[in-house]
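First the structure, in the form of structure tokens, and then the observations on it.
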Amino acid sequence: MAHTPEDEWLWGWDETPGIVSVWAEPDGRAFVWRRIPQSGSLVREDVRFRPWLLLASLEDLAHLGARLRPESEGPAPHRVTWQELEGPGALRYLVRAEDGRALASAVLQGASRRLGHSIGNLRELGAQAVLALPPEEQYLVASGRTYFRDLRFDDLRRMQLDLETTGLNPAHDRIFLVAIRDTDGRADTLEVHGDGDAAEADLLQRLVARVRAIDPDVLENHNLHGFDLPFLAHRARVLGVTLALGRAGIPGLRQRPAARGAAPGRGGPGHDAMRRARYTVPGREFIDTLDAVRRHDFSTRELPGHGLKAVARHLGLAGPEREHIPGARVHEVFGTDPERVRRYARDDVTEAAGLARMLGGAAFALARMAPRRYERLADAGPATGVIDPLLVRAYLRAGAALPTHEPGDGTPHSGAALHLFATGVARHVVKADVASLYPSLMRQYRIGPRRDRLGVMLALVDRLVEQRLAAKARAKAAAPGSPERHTNEALSAAMKIVVNSAYGYLGAGGLTRFADVHAANEVTRRGREVLAQICQELARRGVTLLEADTDGVYFSVPDGWGEADERRVVSEVAALLPPKVRLEFDGRYAAMLSHEPKNYALQPYDGALILRGVAFRSSRAEPFGEDFLRRALRCLLAGDIPGVRDIYVETVMALRRRALPTRSVAAQVRLTKTPEQYLAARRRELPYEAMLASGRKHWASGEQVRVYRAVGGRAGLLPESEAGENESDPRDYDADFYARQLRETFAARLVRALTPEDFAAVFADPEQPSLFAPSLADARPVLTVLDEPESEQPRSENPWMSPLPLGEG
DNA sequence: CCACCACGGGG
DNA sequence: GTGTACGTGGTGG
């Protein structure tokens with residue numbers, strides 16, 4: 001197969017198929033596990049590679065004398081070779097040796113002598129002076145190999161495991177059950193036999209034996225890196241059990257530097273043992289579905305939370321028979337009804353497996369491109385984690401010197417445009433947006449990093465955009481649910497991640513090797529220009545603009561227009577734009593409540609209400625308010641204002657009669673202070689007051705409880721009950737407090753939709769009738785077109801995408 | 001209104 | 001590999 005350099009930049013150049021794991025040691029040994037695509041069998045190749053570094057200068061190696069020689073004279077035992085790369089980059093000497101440790105120590109020795117003090121680590125020399133990749137990446141970059149060539153996601157042998165523990169703190173709590181799901185999808189549990197260290201140690205040994213027997217390529221779970229692995233490592237250490245989970249090398253887990261998105265290591269007692277840790281073993285890849293969930297939600301922003309159960313339910317992965325047990329009660333239930341805990345734990349691993357397949361394909365596909373381990377690509381940020389390795393490999397393949405990180409010249413990074421044209425309720429709403437706006441602008445106007453003199457970034461974006469279209473077409477042609485469709489959808493998702501972060505890479509001044517704030521600003525400037533043109537041209541065609549943000553616009557069309565008319569205006573405007581900037585019809589809705597910039601509710605012509613923005617999707621809102629808001633919005637967007645009034649009255653009266661369960665007003669919180677710490681702090685906080693008021697004098701930091709405001713200003717503690725159990729509900733919440741909250745916090749979000757008079761009438765206290773209550777029969781939701789549209793350049797949500805502030809106004 | 005603290009995920 | 005995250009909500013002064 002003929003490769004162009006550009007193909008090699010994206011996919012590597014070595015066609016070895018089926019690599020499922022790579023492990024390399026600094027001494028130049030590499031182990032490569034491959035699944036033979038035809039038979040599915042596993043082979044291990046032991047190979048040697050020449051460890052390498054990039055240096056800005058050979059000065060620190062001069063002390064080697066004759067042991068330092070040009071690469072052109074060929075490698076020789078105990079010699080360091082060097083090669084000068086061409087072009088202007090600062091990192092211009094490629095130095096190699098048989099053993100990476102000897103190479104590194106030669107550099108460190110020279111640097112220590114030069115600087116007059118001891119240097120222990122190459123990092124201390126700074127990114128300006130040296131580029132030293134982990135051994136696996138040195139191997140992959142140099143060999144042009146990548147993971148998973150010719151493999152489909154479903155050819156991977158994946159296993160899931162999930163610990164059930166007596167609590168969250170491995171210093172005090174124990175593992176009493178482990179659910180596992182094998183590569184054929186069979187879920188099973190392993191359990192302790194008895195109490196004490198010996199029983200738990202025996203469980204861990206059986207777990208290790210099962211993993212070795214099943215011999216998966218990948219181990220998966222939700223929050224694997226934040227909970228299961230650190231917990232397991234801690235218990236194994238305490239109990240003296242060796243975790244021989246790898247396929248080679250010294251048994252035991254190894255740590256790699258904590259990655260972005262690792263468990264947020266919270267200080268305080270009980271959490272130290274669980275602080276940021278990412279474990280790794282030779283031959284298998286640890287994949288955390290929480291990383292995939294975060295990556296997914298970053299673009300869709302539609303998930304209610306990132307917990308396993310919530311995500312599984314939202315994505316339709318949870319079965320109707322799904323067993324639920326509140327976390328704090330799992331161990332206790334195990335004592336009375338162990339079969340229930342087994343079902344629960346098996347459901348957990350089954351959901352984790354489903355989630356891994358549904359959202360994990362992107363990381364799988366990234367591993368076919370970038371020269372890094374699969375597990376590293378699963379939690380990598382796209383800019384430094386994916387694009388930079390691609391650029392490094394491309395430059396080295398071309399024999400070109402690499403630039404290094406440069407601080408910005410002080411130019412601020414300007415952002416996208418955001419315009420709010422109208423607030424309130426609009427009917428017949430259309431959304432149009434530009435597919436991949438920033439990459440399209442980069443391609444259209446050839447905007448790339450100034451120092452990328454080989455043009456690798458734009459070449460990658462060009463190819464990714466084109467090949468993504470091909471992958472989407474292949475996915476569409478394959479049978480729903482088939483491995484081919486899944487693999488191509490995953491490829492498309494991965495390509496989207498890379499393409500969309502190319503702009504973020506440009507703008508991350510000082511953080512990325514080729515960052516170029518001027519280029520990034522040129523992209524956003526063109527973006528604002530395009531968005532303004534789209535708005536102008538739409539308005540000229542008789543629609544009412546509602547909101548425009550970055551790359552998309554919501555507008556309302558006149559009564560009597562049909563979908564064909566809506567599509568026609570979009571394509572008319574699309575035809576006026578530059579060829580690579582494709583404006584698309586993205587959806588149509590019966591009605592929209594425009595509340596504030598980026599905060600709105602959409603009612604599709606059929607289907608469930610869509611809520612966007614913090615005003616409508618507060619994760620911590622009490623259930624009764626959330627429920628009220630959804631029902632009220634549904635009526636409002638149907639134009640039924642008396643219906644909104646009815647729902648309000650009904651909710652207020654239900655609160656006052658205490659017809660709503662306490663659970664619906666309670667908030668779930670975590671206790672982070674011990675009783676001693678709380679009493680010493682002398683600062684009253686509802687959750688702790690609730691504990692004390694209910695007679696609880698002892699609790700552990702980390703315990704989760706549900707609390708609420710009870711009558712008489714007391715703090716109430718809601719006993720953790722299981723689904724269906726209601727007899728313990730005290731129903732002593734402060735109804736007036738929650739009625740006030742209903743009006744001030746939840747009803748307030750409808751303020752833009754009504755005239756002040758109607759708003760007052762709809763949300764008047766049902767038990768204090770006013771002298772003249774206006775009839776709501778003729779009331780209609782209102783839309784207010786702003787004379788001066790609210791416009792700004794918002795900060796991006798993601799610090800990676802746009803790390804700098806508001807800029808020009 | 002401001003300062004401060006806690007949340008996210010796992011049992 | 002990046003970040004004493006980041007954005008937000010609640011509480012007490």
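By convention in this document, chain letters (A, B, ...) are assigned in the order of the sequence lines, proteins followed by strands, and residues within each chain are numbered from 1. Here the structure is a predicted model, which is why all the values come from computation and not from measurement.
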Start with the C-alpha distance between A/Phe286 and A/Tyr279, add both sets of side-chain angles, then the distance that settles ring pair (Phe, Tyr, Trp, His ring centres under 6.0 Å), and finish with yes or no.
-> CA-CA 8 Å; A/Phe286 289 138; A/Tyr279 290 98; 8.1 Å; no
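Atom NE2 in A/His306 sits about 7 Å away from atom P in B/dG9, given to the nearest Å. Residue A/Glu137 contributes atom CD, which lies 7 Å from atom P of C/dG1 at whole-angstrom precision. Rounding to whole angstrom units, CG of residue A/Leu177 and P of B/dG10 are separated by 17 Å. Going from atom CD of A/Glu351 over to atom P of B/dG9 covers 15 Å, rounded to whole Å. If you measure from atom CG of A/Asn169 to atom P of B/dG10, you get 17 Å, rounded to the nearest angstrom. Atom CG in A/Asp297 sits about 14 Å away from atom C1' in B/dG9, given to the nearest Å. As a whole-Å value, the separation of A/Ile387 CD1 from C/dG1 P is 18 Å. With rounding to whole Å, A/Asn599 atom CG is found 13 Å from C/dG7 atom C1'.
Residue contacts shown for A/Leu224 are absent, as no nucleic acid heavy atom lies under 4.0 Å away. When heavy atoms are screened at a 4.0 angstrom cut-off, A/His331 is found touching no nucleic acid atom at all. At the heavy-atom level, A/Asp288 lies nowhere under 4.0 Å from the strands shown. Within 4.0 Å (heavy atoms only), A/Asn221 reaches no atom of the nucleic acid at all.
In the set C/dT11, C/dG1, B/dG11, C/dT11 carries the atom at the smallest distance from any side-chain atom of A/Arg709. Counting only heavy atoms from C-beta on, A/Pro134 has its side chain closest to C/dG1 among C/dG1, B/dG11, B/dG9. Side-chain proximity of A/Asn223 to the nucleotides C/dG1, B/dG9, B/dG11 is greatest for B/dG9.
In terms of the ring-ring contact (aromatic ring centres under 6.0 Å, His included) criterion, residue partners of A/Phe514 (sequence neighbours excluded) are, by chain and number, A/Tyr395.
Aromatic pair A/Phe176/A/His331: ring centres closer than 6.0 Å.
Distance noted for atom P between C/dA5 and B/dC5: 14 Å (whole Å). When the P atom is used for both C/dG9 and B/dG9, the distance is 15 Å, rounded to whole Å. A gap of 16 Å separates the C1' atoms of C/dT4 and B/dA6, to the nearest Å.
At least one side-chain nitrogen or oxygen of A/Arg376 sits closer than 4.0 Å to the OP1 or OP2 atom of C/dG1. Contact between the side-chain N/O atoms of A/Lys309 and the OP1/OP2 oxygens of B/dG11 is found at a separation under 4.0 Å.
In summary, A/Glu25 and A/Arg254 engage in a salt bridge, as defined by a charged side-chain N under 4.0 Å from a carboxylate O. Ion pairing between A/Arg376 and A/Glu136 fails under the 4.0 Å rule for side-chain N and carboxylate O.
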